[in-house]
Engineer: 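The structure's right below; bear with me while I get my questions together.
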Amino acid sequence: MTSSETHIITRFAPSPTGYLHIGGARTALFSWAFARKHQGTFLLRIEDTDRERSTDDAIQAILDGLDWLELTPDAPPIFQHQNIERHCEIVNQMLASGIAYKCTCTKEALDDMREKAKAGGKPIRYDGTCRNKETVSGDLPFTVRFKAPLEGFTLLTDLVQGDVRVENNQLDDLILLRSDGTPTYNLSVVVDDHDMNITHVIRGDDHLTNAVRQSQIFDALSWARPAYAHIPLIHGSDGAKLSKRHGALGVEAYKDMGFLPEAMRNYLARLGWSHGDDELFSTAELVDWFDISGIGKSPARLDMEKMHATNIHHIQQGDEDVLADIIMDKLALPLTDKEKLLTALPLMKKTAKSLDNLADNLRFLFLTRPVQLNEKAVQSLTDEKMDNVRKIFPALQNLDIWDEDGIAGLFGQFMEENDVKMGQFGPAMRNMLTGAGSPLGVYDLLLLLGKDESLARLEDILTK
Ligand code: GLU
Ligand code: ZN
């Protein structure tokens with residue numbers, strides 16, 4: 001479709017009237033991945049022309065959300081309201097060249113038109129009263145309408161939806177400029193997409209009708225249309241259009257729930273796009289594999305269980321340095337603790353069920369002595385088990401080389417000489433070392449804590 005010389009430029013164009021929700025995040029991801037795949041450019045355009053509904057908080061939430069997802073635009077964001085003059089200039093050019101006209105119909109006249117159409121069972125459309133007027137009175141308030149083609153049809157070749165053909169007599173003369181002088185959405189988007197040299201518009205299929213309108217405007221201006229890819233919206237697990245009830249939350253909520261950005265990118269990509277049977281993949285693989293032909297035509301369903309499973313996979317495979325920073329934050333650890341954390345992460349991350357769970361399991365490294373035991377841990381310390389730990393303690397004190405072989409040899413000898421099993425002291429020792437149990441075995445705990453700290457923790461409890 002695109003020749004190899006075409007420099008691909010995509011954009012994400014959210015309206016800042018709320019948080020960056022999961023559907024928006026996916027649109028951004030697809031636009032980003034497509035640009036990355038083709039060494040193109042990914043741009044962000046904040047569509048803030050609705051000054052009433054656009055808020056700074058929403059703009060910040062969008063920027064933060066994209067930042068967290070690491071979907072970084074290749075240029076500073078463009079704020080659409082700053083282009084209003086340019087939009088008006090194009091409207092004036094359209095008036096001058098006769099592809100737009102002033103409409104002075106009053107609200108009452110338009111209401112009347114609508115009523116009549118309704119009563120006659122006809123589609124509610126502007127009837128073209130002003131289209132054929134030679135001049136309009138200069139004093140009356142006016143809107144500017146697009147002189148849409150009356151005959152024939154408009155064909156949109158959508159990269160996802162296929163050919164969309166609309167008879168031109170089905171579309172009326174769209175307002176380009178409101179009577180207060182502000183441009184309308186469809187006009188602004190066309191001008192901006194043109195001025196930004198957008199080659200591919202990837203967005204939700206709720207914009208498909210707009211795309212037909214926008215194509216007509218592109219054609220009338222003799223501007224090349226961008227290619228369009230309209231992706232089906234995301235549905236909830238029950239098949240209904242996604243709402244808050246389904247977990248259609250802002251992306252920051254997923255951050256707070258402990259999702260890794262890498263996992264989000266993986267899962268969001270799978271919502272509507274596929275590459276064979278691959279469910280779990282890295283972002284590098286996504287970029288390598290991404291193709292619009294992999295986007296399905298039917299709506300994908302959000303599945304929180306799958307999302308969690310994807311997250312667990314990415315935590316377990318996660319970059320330790322990245323994980324360490326997240327855990328430090330969660331446990332409010334000073335920077336000086338990072339090294340210690342990094343010694344435990346390779347092993348501990350493999351047991352993680354979530355980031356919170358991982359943080360909980362790593363907490364033991366940083367406990368201050370004497371370690372406080374939780375109730376379950378206290379109950380596990382029966383007399384028999386305590387006795388065994390007491391018996392093994394001097395041998396541990398005398399162990400010179402504190403490594404896995406050394407500890408295993410010592411434990412083996414102890415079990416043989418005293419005819420006890422691991423279960424008769426291992427779990428108890430684990431609880432004494434951590435205060436709350438651990439997914440790791442006692443060997444690993446002893447190694448991670450080191451000889452001095454391990455013995456001190458055991459001694460605190462043995463001498464109590
Ligand atoms: N601002 C529009 C929205 O948030 C998207 C416009 C577009 O992508 O063309 O729905
Ligand atoms: Zn009119």
Engineer: Can you tell me how the ring of Phe30 sits relative to the ring of Phe290, calling it parallel under 30°, perpendicular over 60° and tilted otherwise?
Structural biologist: tilted
Engineer: Tell me every residue that passes ring pair (Phe, Tyr, Trp, His ring centres under 6.0 Å) with His81, counting only those two or more places apart in sequence or in another chain.
Structural biologist: none
Engineer: Could you pull out the closest heavy-atom pair between Leu445 and Ser438, with the gap in Å?
Structural biologist: CD2-OG, 3.7 Å
Engineer: When you measure from the centre of the six-membered ring of Phe142, is the NZ or CZ of Lys102 closer than 6.0 Å and no more than 45° off the axis?
Structural biologist: yes
Engineer: Show me the donor-acceptor pairs, under 3.5 Å and distance only, between side chains in residues 175-183 and residues at least two apart or in other chains.
Structural biologist:
{"unit_1": "Arg178", "atom_1": "NH1", "unit_2": "Thr182", "atom_2": "OG1", "d": "2.8"}
{"unit_1": "Arg178", "atom_1": "NH1", "unit_2": "Pro183", "atom_2": "O", "d": "3.1"}
{"unit_1": "Asp180", "atom_1": "OD1", "unit_2": "Thr182", "atom_2": "N", "d": "3.0"}
{"unit_1": "Asp180", "atom_1": "OD1", "unit_2": "Thr182", "atom_2": "OG1", "d": "2.7"}

Engineer: Could you pull out the closest heavy-atom pair between Phe281 and His314, with the gap in Å?
Structural biologist: O-CE1, 3.2 Å
Engineer: Using the ring-ring contact (aromatic ring centres under 6.0 Å, His included) rule, pick out the option among Tyr254, Tyr267, Phe259 that qualifies with His308.
Structural biologist: Phe259
Engineer: Going by heavy atoms in the side chains, are Leu302 and His235 under 4.5 Å from each other?
Structural biologist: no
Engineer: Can you see whether Tyr126 has Arg145 sitting over its ring - NZ or CZ less than 6.0 Å from the centre and within 45° of the normal?
Structural biologist: yes
Engineer: Step through the shown structure and confirm whether more than 12 heavy atoms of other residues, nucleotides or ligands are within 6.0 Å of CD on Glu404.
Structural biologist: no
Engineer: Given side chains that start at C-beta, do those of Arg11 and Asp193 come closer than 4.5 Å, heavy atoms only?
Structural biologist: yes
Engineer: Heavy-atom count check: over 12 atoms from other residues, nucleotides or ligands less than 6.0 Å from Lys37 NZ?
Structural biologist: yes
Engineer: Quick test of your reading of the model: are Asp173 and Lys147 salt-bridged, counting only N-O distances below 4.0 Å?
Structural biologist: no
Engineer: Yes or no on salt bridge (Lys or Arg N to Asp or Glu O under 4.0 Å) for Arg213 and Asp172, after CA distance, side-chain angles and deciding distance?
Structural biologist: CA-CA 10 Å; Arg213 300 264 199 191; Asp172 63 354; 3.3 Å; yes
Engineer: Just distance, no hydrogens or angles: give the donor-acceptor pairs under 3.5 Å from side chains in residues 154-162, sequence neighbours left out.
Structural biologist:
{"unit_1": "Thr154", "atom_1": "OG1", "unit_2": "Asn168", "atom_2": "OD1", "d": "2.5"}
{"unit_1": "Thr154", "atom_1": "OG1", "unit_2": "Gln216", "atom_2": "NE2", "d": "3.0"}
{"unit_1": "Thr157", "atom_1": "OG1", "unit_2": "Asp163", "atom_2": "OD1", "d": "3.2"}
{"unit_1": "Asp158", "atom_1": "OD1", "unit_2": "His230", "atom_2": "N", "d": "3.2"}
{"unit_1": "Asp158", "atom_1": "OD1", "unit_2": "His230", "atom_2": "ND1", "d": "2.6"}
{"unit_1": "Asp158", "atom_1": "OD2", "unit_2": "Val160", "atom_2": "N", "d": "2.8"}
{"unit_1": "Asp158", "atom_1": "OD2", "unit_2": "Gln161", "atom_2": "N", "d": "2.8"}
{"unit_1": "Asp158", "atom_1": "OD2", "unit_2": "His230", "atom_2": "N", "d": "3.1"}
{"unit_1": "Gln161", "atom_1": "NE2", "unit_2": "His230", "atom_2": "O", "d": "2.7"}

Engineer: Tell me, please, whether Phe153 has Arg165 positioned over its six-membered ring: NZ or CZ under 6.0 Å from the ring centre and within 45 degrees of its axis?
Structural biologist: yes
Engineer: One thing to verify: whether Lys122 and Asp127 come together as a salt bridge, which I'm taking to mean a side-chain N less than 4.0 angstrom from a carboxylate O.
Structural biologist: no
Engineer: Over all heavy atoms of both residues, which pair between Ala220 and Ile99 is shortest? Give the atoms and the distance, please.
Structural biologist: O-CD1, 3.5 Å
Engineer: Do Asp356 and Lys330 meet the salt-bridge criterion of a basic N to acidic O distance under 4.0 Å?
Structural biologist: yes
Engineer: How are the rings of His275 and Trp273 set relative to one another: parallel (under 30°), tilted (30 to 60°) or perpendicular (over 60°)?
Structural biologist: parallel
Engineer: Check this for me: does any side-chain nitrogen of one of Lys338 and Asp325 sit under 4.0 Å from a carboxylate oxygen of the other?
Structural biologist: yes
